[in-house]
There are 2 protein chains.
Amino acid sequence: MTNAPASQGGLREVTRRAVQAEIAGRAMELFLEQGFDETTVDQVAAAVGMSGRSVFRYFATKEDMVLGDMLQIGHALAAALQARPAEESPWEALRRALDEPLAALKSDGGKALARATMLATTPALRAAAQQKHTQWEELLLPYVVQRMTGPAATRELRAHAIVSAALSCLDVAVEIWTKSGGTKALDTLLDTAIQAVRS
Amino acid sequence: MTNAPASQGGLREVTRRAVQAEIAGRAMELFLEQGFDETTVDQVAAAVGMSGRSVFRYFATKEDMVLGDMLQIGHALAAALQARPAEESPWEALRRALDEPLAALKSDGGKALARATMLATTPALRAAAQQKHTQWEELLLPYVVQRMTGPAATRELRAHAIVSAALSCLDVAVEIWTKSGGTKALDTLLDTAIQAVRS
DNA sequence: GACAAACATGTCAGCGAATGACAAACACAG
DNA sequence: CTGTGTTTGTCATTCGCTGACATGTTTGTC
């Protein structure tokens with residue numbers, strides 16, 4: 001009546017996001033405190049005052065409490081890639097598209113670093129992150145294919161190889177970055193990695 | 001004790017390997033028949049006539065029944081890389097070191113293809129395979145670092161990037177290979193992928 | 001304001017992977 | 001045969017995760 005349903009159940013979606021963020025935040029605290037594997041889902045649930053079952057209605061897996069936003073970032077990355085000028089080569093466009101997420105990591109200060117460190121030292125999280133990484137590849141692939149020249153028959157293969165290699169460079173750069181305690185410049189590391197690969 | 005004093009005390013180790021192979025074989029049959037996720041460890045155990053608990057004394061995880069030999073291959077790969085002439089560039093040496101495992105895949109006929117297909121379509125296996133892939137990186141890294149020229153400060157970073165990119169190329173090539181049903185030449189796919197990345 | 005549909009939550013029950021503890025069966029040295 | 005060490009089975013338990021059911025709580029409609 002008086003209120004337009006904004007965006008059809010918009011309120012529900014807002015509260016849902018809020019609860020999700022609350023869970024992720026508390027979970028992150030506990031994980032950093034006592035480790036990811038050493039923290040049970042029920043502990044997280046208790047910390048936010050709900051049942052363990054309900055937590056799984058907000059996150060499909062325990063890992064998603066840490067990596068839940070990576071899919072969003074992937075979409076943002078794809079959008080940024082699509083927005084790059086068509087003249088840029090695949091490598092160039094990919095590198096530029098990574099600028100924004102890279103800056104986000106830097107501005108986030110120690111929080112992103114702590115997260116990256118935990119991610120690097122927890123096998124279960126590493127595995128989950130690599131899965132997201134694969135999703136990114138699928139999101140980015142079409143926009144790289146568009147930029148490919150040369151024989152059409154191998155276009156998909158070559159585009160896929162470039163995307164995968166670029167993300168590998170990102171991973172390596174982030175790894176060295178975390179090992180350095182965040183002192184080294186992440187964008188320089190990435191540039192060096194990419195240049196080395198393209199030697 | 002998942003690890004072994006290996007070469008010493010041969011008989012025990014031999015029987016152990018034999019049982020391991022037996023389990024892996026039966027497991028593979030069941031997995032291909034009814035799917036990896038749809039097969040319980042107890043089913044595999046029953047098929048080889050032992051308790052579920054004992055199966056876990058031969059394989060640390062269910063995934064290892066499929067991927068158990070990947071670590072060995074990694075060591076073989078590292079040895080092959082080390083054996084390449086010192087004049088070869090990192091990329092060249094890595095490519096040549098991959099020749100043998102590639103040939104093994106080809107000669108194995110449909111078996112390797114079926115395995116690769118299941119691996120590609122089962123998230124849990126993909127994740128585990130990527131973990132082994134990371135182990136490979138660590139095994140190969142030192143021998144690539146040896147081959148690096150240029151500023152020493154970034155040598156590790158650049159070497160790591162190249163190794164990671166090379167294995168990414170391998171993954172992409174294998175993926176297209178499985179999608180093609182094994183018709184396309186795997187080594188050509190890999191060459192094309194590497195060339196594209198180094199553009 | 002009443003009512004029905006949609007949604008969120010708690011509770012209970014269960015599956016399957018993985019681990020620890022203990023006892024029995026076995027091989028093998030002396 | 002006896003003692004030692006390894007392998008295996010059995011039992012119990014933890015933990016991630018899912019399904020089913022019941023109970024409220026919103027939300028939108030008449």
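Here is the naming used below: chain letters follow the sequence lines, and residue numbers restart at 1 for every chain. Computed from heavy atoms alone, side chains included, the values below leave out hydrogens, waters and symmetry copies.
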**Q** Find the distance R16(B):CZ to dC26(C):C1' and express it as a whole number of Å.
**A** 17 Å
**Q** Look at the side chain of S180(A) and the backbone N and O of W177(A), then say whether any donor-acceptor pair between them is shorter than 3.5 Å.
**A** yes
**Q** Keeping the roles fixed (side chain from S199(B), backbone from A196(B)), state whether a donor-acceptor pair exists under 3.5 Å.
**A** yes
**Q** Return the residues of residues 19-37 of chain A meeting this criterion: a heavy atom under 4.0 Å from some atom of DNA chain C. Order them by number, or give none.
**A** none
**Q** Give T39(B) one of three labels, base, sugar-phosphate or nothing, depending on what nucleic acid heavy atoms sit under 4.0 Å from its own.
**A** sugar-phosphate
**Q** Consider only side-chain N and O atoms of S168(A) and S168(B), and report whether a donor and an acceptor are under 3.5 Å apart.
**A** yes
**Q** Nearest whole angstrom, please: distance from the P of dG10(C) to the CG of D42(A).
**A** 12 Å
**Q** Between dT19(C) atom P and D64(B) atom CG, what is the distance in whole Å?
**A** 11 Å
**Q** Specify the separation, in whole Å, of atom CD of E13(A) and atom P of dA6(C).
**A** 17 Å
**Q** When the distance from CZ of F59(B) to P of dT19(C) is rounded to whole Å, what number comes out?
**A** 14 Å
**Q** In residues 47-58 of chain A, which residues come under 4.0 Å of DNA chain D by heavy atom?
**A** R53(A), F56(A), R57(A)
**Q** Sort out the partner of dT23(D) for me: Watson-Crick or G-U wobble, both distances under 3.5 Å, none otherwise.
**A** dA8(C)
**Q** Counting distance only, does the side-chain N/O of R147(B) pair as donor-acceptor with the main-chain N or O of E88(B) below 3.5 Å?
**A** yes
**Q** Please check if the side chain of T40(B) supplies one atom and the backbone of Q43(B) the other of a donor-acceptor pair under 3.5 Å.
**A** yes
**Q** Just the rounded figure in Å: distance from P of dT18(D) to NZ of K62(A).
**A** 14 Å
**Q** Could you identify the nucleotide paired to dA17(C), looking across every strand shown and requiring Watson-Crick or G-U wobble geometry with both distances under 3.5 Å?
**A** dT14(D)
**Q** Measure the distance from CZ on R17(A) to C1' on dC7(C) and round it to the nearest whole Å.
**A** 16 Å
**Q** Could you tell me whether a side-chain N or O of T178(B) sits under 3.5 Å from a main-chain N or O of E175(B), the two making a donor and an acceptor?
**A** yes
**Q** Test salt bridge (charged side-chain N to carboxylate O under 4.0 Å, His left out) on K62(A) and D37(A); report intermediate values, then the result.
**A** CA-CA 10 Å; K62(A) 186 183 176 187; D37(A) 291 324; 5.0 Å; no
**Q** Are the charged groups of D64(B) and K132(B) less than 4.0 angstrom apart, N to O?
**A** yes
**Q** Which residue in the set R155(A), E137(A), E138(A) passes side chain to side chain donor-acceptor pair (under 3.5 Å) when paired with H160(A)?
**A** E137(A)
